[in-house]
Each structure stands twice: as structure tokens, then as C-alpha cells.
2 protein chains.
Amino acid sequence: MKLTSKGRYAVMALVDLARFNNINPVSLRDISLRQGISLDYLEQIFSKLRKKEIVQSVRGTQGGYVLNKKAKEIKLTNIFDAVDEKVKTVQCKKDSKKGCNGKTTKCVTHNLWDELENHINNFFKEKSLEDLVKDNQERRI
Amino acid sequence: MKLTSKGRYAVMALVDLARFNNINPVSLRDISLRQGISLDYLEQIFSKLRKKEIVQSVRGTQGGYVLNKKAKEIKLTNIFDAVDEKVKTVQCKKDSKKGCNGKTTKCVTHNLWDELENHINNFFKEKSLEDLVKDNQERRI
DNA sequence: AGATACTTGACTATTTTAGTCAGGTTTATA
DNA sequence: TATAAACCTGACTAAAATAGTCAAGTATCT
Ligand code: FES
Ligand code: FES
């Protein structure tokens, strides 16, 4: 199992934004340069973040993006949800009555993967953007 | 992030094997039928499990596979390790001094992903094959 | 007017996954 | 000892997912 770039970049970009989010909006160009992420790719990512109201956009010269909530209220789970970085451990469909490989009952490992999924999601629910910014500032002292 | 079929199948197959691992070796054909996993694919998986000494093979007619250790001593982490289902959250190479996107220092999220990786691996270190078999038997009563 | 920066949607190369396929070798047992 | 069951190995491949790029806009500040 691995984390995709989209998810990783979304968090990198938001940590960057949160750190420079004082008065003025932060342009994607700046984030792109600081974090080494393609501008075009960032645009895709921020489009999704905006639709889920995690950031707000400011158009025109001197424009950019601003956080739409307090950093404390933005959890990792919200970010991942916005960019479709979902944790998927089971093979069977959630709603379907059928288990793995067409069995009428859930497969022998179904519950294990459900536990795993919860275990991972708990981590994402606890961590906020504020935590990440703080961690980063401490390490820099 | 998602779990791959290889990892999922490896665990399904081992749980199956552990449950029927009384006296005689269990053939892949039986596992294939019971779990609905392609025989050819199972062979790939068991080849790896054998190399890591998680199972032992018995060749010839009436052959099959047997657990090479007690179910209690086989942890999920051993299984995943054997079939190369690794948890990879960071983008940077482990040994390289360079961080994400060629930075000389680790990127702003590196520590977060390290924490996440540990969080997930802890889950895998705790769960043993025995736990899984028991869970399954209880649910069947 | 011109530059900056957001907006959108389509397109594509690469990589990974999830297998299949073909051709073995070993061994119990009838 | 023939035969069938079952392990063993490596190469191959279709499909999906990923990680972007590219093009053509629109809005707004100076
Ligand atoms: S993972 Fe849900 S039935 Fe197998
Ligand atoms: S994940 Fe290690 S430097 Fe970015």
C-alpha cells in the first residue's frame, strides 16, 4: 500500500499555504517553486480543495489562495477526502451483499481489513494542519 | 492508498491453510477453489512465502503446503514482507540524503508520513495468523 | 492595456497491478 | 512403472491507475 503523490502534494501545499497565510493570498506559483511541485498539477489539486471549501481563491494579480477555515479545524481526513485520496483496504463493494470473489458471505479477511481501514483513518482524523505547521516550526529552531 | 490483491490474497490463503492444516498438507487447488483465487496466481504467492520460510512445500501427489511456524508466530508483517506488499508513504528514498523533489532537506511532510508508516506497521506487527483464525471461528458459532 | 493568476477540460506517457500461459519437475499410488 | 496430482519457474500481457502535461480560456489589479 502506498500513498499517492496527489495526497502527499495536497498536504505539502496546504502546510506551505498555512505557513505563509498571514495577510495576503499565496499564489500557486510560489508554492510550486517552494515545494517543487508542477504548477499545472497544483491547479488540479487546488480546484478540488476549493470545491470542498478548504481554501478560498482570490483571482487576478496578487491573487492566490487562502485557507477557508482555521488550520486547527482542517484535519488530514478532510484534505484526503477532498482530493480523493481514499483508504481502500477491502476488495468487496461497500454496499454490495457479495463478498470477495463473488461469495455470498464476507471473505475470511474482510473484518481484518475493516479494522485496518479504521486504524488508518483514525490517524487522519486526529492530525490537523495546525499540528503539522507546529511540528515544522519546532524542528526549525 | 490501497491494499493490493497480492497482499490480500496472501493473507486469505494463509488463513485458509491454517484452518485446514491439521495433518495433511493443503493443496493450492483446494485453496483456489475455497477462496476463489486463481491457481496460477496462488503459485506465485506461495513461491514467495516458501522462500521466506513461512510455509513448507510437499511435492508430488497428495502434496501441498504446510505452515512452517506456529500460527501464533506468523505476524501480518511477516506475510506482507514475504510477498513484497510494503507500506510506502514517503516519496524520498530511505537512504538518499535528498528529500522530496530534490531538496537537500526533508520536505515539510516527511515526518508526518514516517509517523503514518509506523502507525500502520504497528498494526501489522501485532496481528498474528492465530488471531485471524480465532476471529473467524468465533464469528461462525 | 498588460500582466498576473485562477479555471477548466482534455490528453498522454509511464508505471503498477493482476493476472495468464507455457513448460517444466517431483512423488504417491494404483 | 505409468500416470496423475501437485509443486515450480519464468516470461508475458491486458487493463487500470498514476502523475502529470497542454491548451485555451476568464478575472482582476495596476
Ligand atoms: S474484503 Fe470484503 S469480502 Fe473480502
Ligand atoms: S517524503 Fe521524505 S522528503 Fe518528502
Side-chain angles (χ1 to χ4, degrees), chain A residues 1-13 17 20 23-52 54-66 68 80 83-89 91 100-101, chain B residues 1-13 17 20 23-52 54-66 68 80 83-89 91 100-101:
Chain A
M1 7 178 24
K2 66 169 182 255
L3 190 68
T4 66
S5 286
K6 180 142 60 182
R8 195 182 295 105
Y9 287 170
V11 179
M12 284 172 74
L17 195 156
F20 292 90
I23 310 147
N24 301 318
V26 180
S27 75
L28 291 191
R29 190 170 158 280
D30 285 354
I31 297 181
S32 167
L33 291 173
R34 278 196 293 260
Q35 304 299 330
I37 304 168
S38 136
L39 181 57
D40 282 318
Y41 205 17
L42 276 178
E43 275 167 355
Q44 275 186 45
I45 293 169
F46 273 78
S47 159
K48 295 186 185 213
L49 292 173
R50 188 173 59 78
K51 278 173 192 152
K52 288 296 172 84
I54 290 173
V55 296
Q56 264 193 331
S57 68
V58 180
R59 301 188 73 151
T61 317
Q62 308 291 0
Y65 285 92
V66 201
N68 199 26
F80 278 0
V83 300
D84 305 308
E85 170 81 32
K86 35 186 169 259
V87 178
K88 184 164 190 275
T89 57
Q91 184 169 59
C100 271
N101 304 319
Chain B
M1 3 178 30
K2 65 168 181 256
L3 190 67
T4 66
S5 287
K6 181 142 58 182
R8 195 182 296 106
Y9 287 168
V11 179
M12 282 171 75
L17 195 157
F20 291 89
I23 311 145
N24 301 318
V26 179
S27 74
L28 292 190
R29 189 172 158 281
D30 285 355
I31 298 182
S32 166
L33 290 174
R34 277 195 293 260
Q35 302 301 328
I37 303 170
S38 136
L39 181 58
D40 282 319
Y41 204 17
L42 275 177
E43 275 169 355
Q44 276 185 44
I45 292 169
F46 273 78
S47 162
K48 297 186 184 213
L49 291 173
R50 189 174 58 78
K51 278 174 193 153
K52 289 294 173 84
I54 290 174
V55 296
Q56 264 194 330
S57 69
V58 181
R59 300 188 73 149
T61 317
Q62 309 292 359
Y65 286 92
V66 200
N68 198 26
F80 279 1
V83 300
D84 307 308
E85 170 82 30
K86 37 188 167 256
V87 178
K88 185 164 191 274
T89 56
Q91 185 167 58
C100 268
N101 304 319

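In the text below, chain A, chain B and the rest are named by the order of the sequence lines, each starting its count at 1.
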A.B. asks: What closest approach, in Å, do B:Ile37 and B:Ser32 show between heavy atoms, and which atom pair accounts for it?
C.D. replies: O-OG, 2.8 Å

A.B. asks: Using atom CG of B:Leu42 as one end and atom P of C:dT20 as the other, report the distance to the nearest whole Å.
C.D. replies: 10 Å

A.B. asks: If you round to the nearest 0.5 Å, how far is CG of A:Leu39 from OG of A:Ser27?
C.D. replies: 8.5 Å

A.B. asks: Who are the side chain to side chain donor-acceptor pair (under 3.5 Å) partners of A:Arg59, not counting sequence neighbours?
C.D. replies: none

A.B. asks: May I ask you to verify if any side-chain N or O of B:Ser38 is less than 4.0 angstrom from the OP1 or OP2 atom of C:dT20?
C.D. replies: yes

A.B. asks: With a 4.0 angstrom cut-off to heavy atoms of chain B, pull out the first and last contacting nucleotide of DNA chain D, in 5'-to-3' order.
C.D. replies: D:dA4 to D:dA17

A.B. asks: Would you say A:Met12 and A:Ile45 make side-chain contact, with heavy atoms under 4.5 Å?
C.D. replies: no

A.B. asks: For B:Tyr65, which contact category applies under a 4.0 Å heavy-atom criterion: base, sugar-phosphate, or nothing?
C.D. replies: sugar-phosphate

A.B. asks: Got a second to check how far A:Asp30's CG is from A:Asn24's CG, nearest 0.5 Å?
C.D. replies: 10.5 Å

A.B. asks: Looking at residues at least two apart in the chain, or sitting in another chain, which of them share a side-chain contact (heavy atoms from CB on, under 4.5 Å) with A:Arg50?
C.D. replies: A:Val55, A:Ser57, A:Tyr65

A.B. asks: Under the rule for salt bridge (charged side-chain N to carboxylate O under 4.0 Å, His left out), what residues qualify as partners of A:Lys48, not counting sequence neighbours?
C.D. replies: A:Asp84

A.B. asks: Would you mind reading off the distance between B:Lys48 atom NZ and C:dA18 atom C1', rounded to a whole angstrom?
C.D. replies: 12 Å

A.B. asks: Looking at residues 24-33 of chain B, who's got a heavy atom less than 4.0 Å off DNA chain D?
C.D. replies: B:Val26, B:Ser27, B:Leu28, B:Arg29

A.B. asks: In whole Å, what is the span from the OH atom of B:Tyr41 to the P atom of C:dT17?
C.D. replies: 9 Å

A.B. asks: Can you list, in residue-number order, the parts of residues 1-9 of chain A that come under 4.0 Å of DNA chain D, counting heavy atoms only?
C.D. replies: A:Thr4, A:Ser5, A:Lys6, A:Tyr9

A.B. asks: Could you state the CD1-P distance from B:Ile45 to C:dA18, rounded to the nearest angstrom?
C.D. replies: 10 Å

A.B. asks: My understanding is that only residues two or more places apart in sequence, or in another chain, count here; which of them pass side-chain contact (heavy atoms from CB on, under 4.5 Å) with A:Ser38?
C.D. replies: A:Asp40, A:Tyr41

A.B. asks: From CG of A:Leu39 over to P of C:dT7, roughly how many Å is that when rounded to an integer?
C.D. replies: 12 Å

A.B. asks: Quick one: are B:Phe46 and B:Leu28 in side-chain contact, heavy atoms under 4.5 Å?
C.D. replies: yes

A.B. asks: Counting neighbours of NZ on A:Lys86 that are heavy atoms of other residues, nucleotides or ligands and sit closer than 6.0 Å, is the number greater than 12?
C.D. replies: no

A.B. asks: Which residues pass the salt bridge (charged side-chain N to carboxylate O under 4.0 Å, His left out) test with B:Lys52, sequence neighbours left out?
C.D. replies: B:Asp81

A.B. asks: Output all residues satisfying salt bridge (charged side-chain N to carboxylate O under 4.0 Å, His left out) with A:Arg29, sequence neighbours left out; order by chain, then residue number.
C.D. replies: none

A.B. asks: Hey, what are the protein-to-nucleotides 21-25 of chain C N/O distances that come in under 3.5 Å?
C.D. replies:
{"residue": "C:dT25", "atom": "O2", "partner": "B:Arg59", "partner atom": "NH2", "Å": "2.8"}

A.B. asks: Side-chain donor-acceptor pairs under 3.5 Å in residues 2-9 of chain B, sequence neighbours left out?
C.D. replies:
{"residue": "B:Thr4", "atom": "OG1", "partner": "B:Glu85", "partner atom": "OE1", "Å": "2.2"}
{"residue": "B:Ser5", "atom": "OG", "partner": "A:Gln91", "partner atom": "NE2", "Å": "3.3"}
{"residue": "B:Arg8", "atom": "NE", "partner": "A:Thr89", "partner atom": "O", "Å": "3.2"}
{"residue": "B:Arg8", "atom": "NH2", "partner": "A:Thr89", "partner atom": "O", "Å": "2.8"}
{"residue": "B:Arg8", "atom": "NH2", "partner": "B:Leu3", "partner atom": "O", "Å": "3.3"}

